[in-house]
Chemist: 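Pasting a structure below so you can have a look.
All values reported here derive from a predicted model rather than from experimental measurement. Indexing begins at 1, ligand by ligand and atom by atom, following the structure's order.
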Amino acid sequence: MLKRVAVLVSGGGTNLEALLNARESGRIPHGEIVLVVSGTTGAYAAERAKKHGVPALTLSRKELGQAGFEAALAACLKEYHVDLIVLAGFLSILSADFVSRWPERIVNIHPSLIPAFCGKGFYGLRVHEAALSRGVKLTGATVHLVNEIPDGGRILLQKAVEVLPSDTPETLQRRVMEQAEWVLLPRAVEALCEQLSQ
Ligand code: GAR
């Protein structure tokens, strides 16, 4: 039976798009994306989900508060019989209690080579700003299991990406997405779904 995947998002949703495209082109044969949950109102990611015919719900963490958000999220995950949670640019923090209920079942993508540029305050463009100010010549992306939010847990895949002298945070972000994130995340999701099917 196909493993049922929920994708949690907060913003643009390009990693979600990569997952949906991978699923549609046969690169995730052991899983299906059954639900997209946005933690913020108006996230473009929710539109992407709808365009692919996947149900998208918004649970505003701002409005519901942490406990309310997690209770609502847990109820949705149960309703959709979700097996695996993918954090794809999901920028809210999940509590240790929530995470402990999904051992080895939550996977996150982070736009650096962990342990560099991760932890509190490192998300989205900020990660690339930090990499550029430090002057690193290589950066990349990491897919890891989540035991502790934001960046704890066993690393599953990493890919290095070159930093160019002319880079801005935006150009670097784009290259890391194209060369690493959109490649690694579908691959990791398929590997986990296959593992869960055994
Ligand atoms: C991605 O670069 C993702 O790696 C990053 O946010 C971006 C979301 O883009 N995640 C983090 O920084 C998590 N700490 P997307 O909404 O277009 O996928």
Chemist: Which of the numbered atoms in ligand 1 are under 4.0 angstrom from any heavy atom belonging to Phe122?
Modeler: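 Numbered from 1, ligand 1 contributes 14 (N).
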Chemist: What do you reckon, does Gly124 put a non-hydrogen atom under 4.0 Å from ligand 1?
Modeler: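 A heavy atom of Gly124 does come that close to ligand 1.
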Chemist: Would you say Gly13 has any N or O atom under 3.5 Å from an N or O of ligand 1, going by distance alone?
Modeler: yes
Chemist: Just let me know how Val176 lines up against ligand 1, side chain, backbone, both or neither, with a heavy-atom cut-off below 4.0 Å.
Modeler: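 No part of Val176 comes within reach of ligand 1.
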Chemist: If the threshold is 4.0 Å, N to carboxylate O, is there a salt bridge linking Arg4 and Glu32?
Modeler: yes
Chemist: Out of Val7, Thr14, Leu125, indicate the one that has the non-hydrogen atom closest to atom 15 (P) of ligand 1.
Modeler: Thr14
Chemist: Give a yes or no answer on whether the side chain of Lys137 reaches the backbone of Gly135 with a donor-acceptor pair at less than 3.5 Å.
Modeler: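 Side chain of Lys137 to backbone of Gly135, a donor-acceptor pair under 3.5 Å: yes, one is there.
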Chemist: If only side-chain N and O atoms count, and only distance matters, is there a donor-acceptor pair under 3.5 Å linking Glu70 with Ser95?
Modeler: yes
Chemist: What do you reckon, does Ile109 put a non-hydrogen atom under 4.0 Å from ligand 1?
Modeler: yes
Chemist: Ignoring angles and geometry beyond distance, decide whether Met177 reaches within less than 3.5 Å of ligand 1 through its nitrogen or oxygen atoms.
Modeler: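 No, there is no polar N/O contact under 3.5 Å.
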Chemist: Show the atoms of ligand 1 that are less than 4.0 angstrom away from any heavy atom in His110.
Modeler: 13 (C), 14 (N)
Chemist: Starting from the C-alpha separation in whole Å, work towards a yes-or-no answer on salt bridge (Lys or Arg N to Asp or Glu O under 4.0 Å) for Glu170 and Arg174.
Modeler: CA-CA 6 Å; Glu170 288 79 8; Arg174 181 78 193 177; over 6 Å; no
Chemist: Dump the intermediate steps for side-chain contact (heavy atoms from CB on, under 4.5 Å) on Ile28 and Leu19, then the final yes or no.
Modeler: CA-CA 8 Å; Ile28 308 186; Leu19 286 171; 4.1 Å; yes
Chemist: Looking at Arg175, I'd like to know if its CZ atom is crowded, meaning that more than 12 non-hydrogen atoms belonging to other residues, nucleotides or ligands lie closer than 6.0 Å.
Modeler: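 Yes, enclosed.
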Chemist: List every atom of ligand 1 that sits less than 4.0 Å from any heavy atom of Glu181, numbering the atoms from 1 in the order shown and giving each element.
Modeler: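 Taking each heavy atom of Glu181 in turn, ligand 1 has 1 (C), 2 (O), 3 (C), 4 (O) under 4.0 Å.
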Chemist: Can you find a non-hydrogen atom of Phe90 under 4.0 Å from ligand 1?
Modeler: no
Chemist: Looking at Tyr123, which atoms of ligand 1 are within less than 4.0 Å of one of its heavy atoms?
Modeler: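 Within the 4.0 Å cut-off of Tyr123, ligand 1 contributes 12 (O).
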Chemist: Report the member of Ile93, Val9, Val127, Asn15 with the shortest heavy-atom distance to atom 18 (O) of ligand 1.
Modeler: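 Comparing heavy atoms across Ile93, Val9, Val127, Asn15, the nearest one to atom 18 (O) of ligand 1 lies in Asn15.
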Chemist: Going by heavy atoms in the side chains, are Phe98 and Ile85 under 4.5 Å from each other?
Modeler: yes
Chemist: Does atom OH of Tyr123 have more than 12 heavy-atom neighbours, drawn from other residues, nucleotides or ligands, at distances under 6.0 Å?
Modeler: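 Incorrect, the count does not exceed 12.
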